[in-house]
Amino acid sequence: MRKPVFISSQAYDAIYHSPVAPLGIKMQNSRLVTIDWLLEADAASTAPSKAVTGVVRILDQYFDDPSSTTAIACSPTGTAFQQRVWRALQTIPPGEVMTYGQLAKKLKTSSQAIGQACRTNPIAVLIPCHRIVAAKGLGGYMGRRRQLQIKKWLLHHEGVMWL
DNA sequence: GATACAGGCTTGT
DNA sequence: ACAAGCCTGTATC
């Protein structure tokens with residue numbers, strides 16, 4: 001349902017051009033609800049609203065120095081289980097990784113369920129689903145090769161030297 | 001090693 | 001209703 005390959009900028013309140021790939025930011029009632037990686041940059045983004053600039057500032061900070069990232073108030077929509085996983089993800093500090101299994105044990109569930117919640121993460125980067133890796137390997141990142149590169153980039157950016 | 005399966009939750013047929 | 005998916009530990013050959 002989420003993650004259309006061809007996205008028009010109108011689906012987002014702003015497009016953020018990160019060093020890796022463009023990000024689509026969506027607000028709802030002045031609360032952050034979605035950040036998607038975009039495969040196709042659409043330069044014609046609308047003028048950012050006031051609420052978006054706060055998000056942009058945090059993204060700037062992250063891409064400048066990931067270790068100084070601050071928590072953000074956001075309202076991701078999802079099931080109770082997903083919210084629980086996402087909250088847990090946000091407690092993982094930059095530069096550290098956890099495996100699906102470890103988190104599953106912590107939340108008394110299965111690795112596969114964790115993967116599911118990660119996959120449907122509505123707020124890329126700020127809810128760090130990229131900090132969850134497989135017990136043996138990198139794991140996946142939204143199912144596509146191009147986006148696995150993004151996961152790698154992010155971890156590398158945070159100082160996790162993988163391989 | 002390799003292969004098989006259950007366990008847990010969501011999404012897409 | 002059912003299969004499949006960013007998985008992984010245990011079992012079995």
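- Under the 3.5 Å distance criterion, the side-chain polar atoms of A:Asp36 are left unmatched by any main-chain donor or acceptor of A:Leu38.
- Between the side chain of A:Asn121 and the backbone N or O of A:Ile127 there is at least one donor-acceptor pair closer than 3.5 Å.
- Between A:Gln147 atom CD and C:dC6 atom P there is a gap of 12 Å when expressed in whole angstrom units.
- One atom, CG of A:Asn121, and another, C1' of B:dT10, lie 14 Å apart when rounded to the nearest Å.
- The heavy-atom pair separating A:Ile25 from A:Tyr12 by the smallest distance is O-CB, 3.4 Å.
- Remark: A:Arg31 engages A:Ala73, A:Ser75 in a side-chain contact (heavy atoms from CB on, under 4.5 Å) (not counting sequence neighbours).
- The ring-ring contact (aromatic ring centres under 6.0 Å, His included) pairs that include a residue from residues 53-96 of chain A are A:Tyr16-A:Phe63, A:Tyr62-A:His157, where partners are two or more places apart or lie in different chains.
- For C:dC6 and B:dA2, the C1' atoms lie 23 Å apart once the distance is rounded to whole Å.
- Using a 4.5 Å cut-off on side-chain heavy atoms (C-beta onward), A:Leu155 and A:His130 make contact.
- Non-hydrogen atoms lying under 4.0 Å from DNA chain B are contributed by nothing in residues 83-91 of chain A.
- In this structure a side-chain-to-backbone donor-acceptor pair under 3.5 Å is present from A:Lys151 to A:Ile132.
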Determine all donor-acceptor pairs shorter than 3.5 Å in which one atom belongs to a side chain in residues 91-107 of chain A; sequence neighbours excluded.
from: A:Thr91; atom 1: OG1; to: A:Ala88; atom 2: O; distance (Å): 2.6
from: A:Thr99; atom 1: OG1; to: A:Gln102; atom 2: N; distance (Å): 3.1
from: A:Gln102; atom 1: OE1; to: A:Thr99; atom 2: N; distance (Å): 3.3

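- Look at CG on A:Leu155: it is 18 Å from P on C:dC6, rounded to the nearest Å.
- Atom pair A:Phe81:CZ and B:dG7:P shows a separation of 16 Å (rounding to whole Å applied).
- Residue A:Leu103 contributes atom CG, which lies 14 Å from atom P of C:dC7 at whole-angstrom precision.
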What pattern of brackets, bars and dots sums up DNA chain C from 5' to 3', given Watson-Crick or G-U wobble pairs under 3.5 Å, [ ] for crossing pairs and | for another strand? |||||.|||||||
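- Note: CD1 (A:Ile114) to P (C:dC7) measures 12 Å, nearest angstrom.
- As a whole-Å value, the separation of A:Lys106 NZ from C:dC7 P is 21 Å.
- Between A:Leu32 and A:Met27, the closest heavy-atom pair is N-CE, 3.6 Å.
- Within 6.0 Å of atom CD in A:Gln61, more than 12 heavy atoms from other residues, nucleotides or ligands are found, so the atom counts as buried in its surroundings.
- Within the structure, no pair that satisfies the salt bridge (charged side-chain N to carboxylate O under 4.0 Å, His left out) test touches residues 67-91 of chain A, not counting sequence neighbours.
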Between the protein and nucleotides 8-12 of chain C, which nitrogen or oxygen pairs are less than 3.5 angstrom apart?
from: C:dT8; atom 1: OP1; to: A:Ala135; atom 2: N; distance (Å): 2.6
from: C:dT8; atom 1: OP2; to: A:Ala135; atom 2: N; distance (Å): 3.1
from: C:dT8; atom 1: O4'; to: A:Ser111; atom 2: OG; distance (Å): 3.3

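- Following rounding to the nearest Å, A:Lys105 (NZ) and B:dG7 (P) show an atom-to-atom distance of 17 Å.
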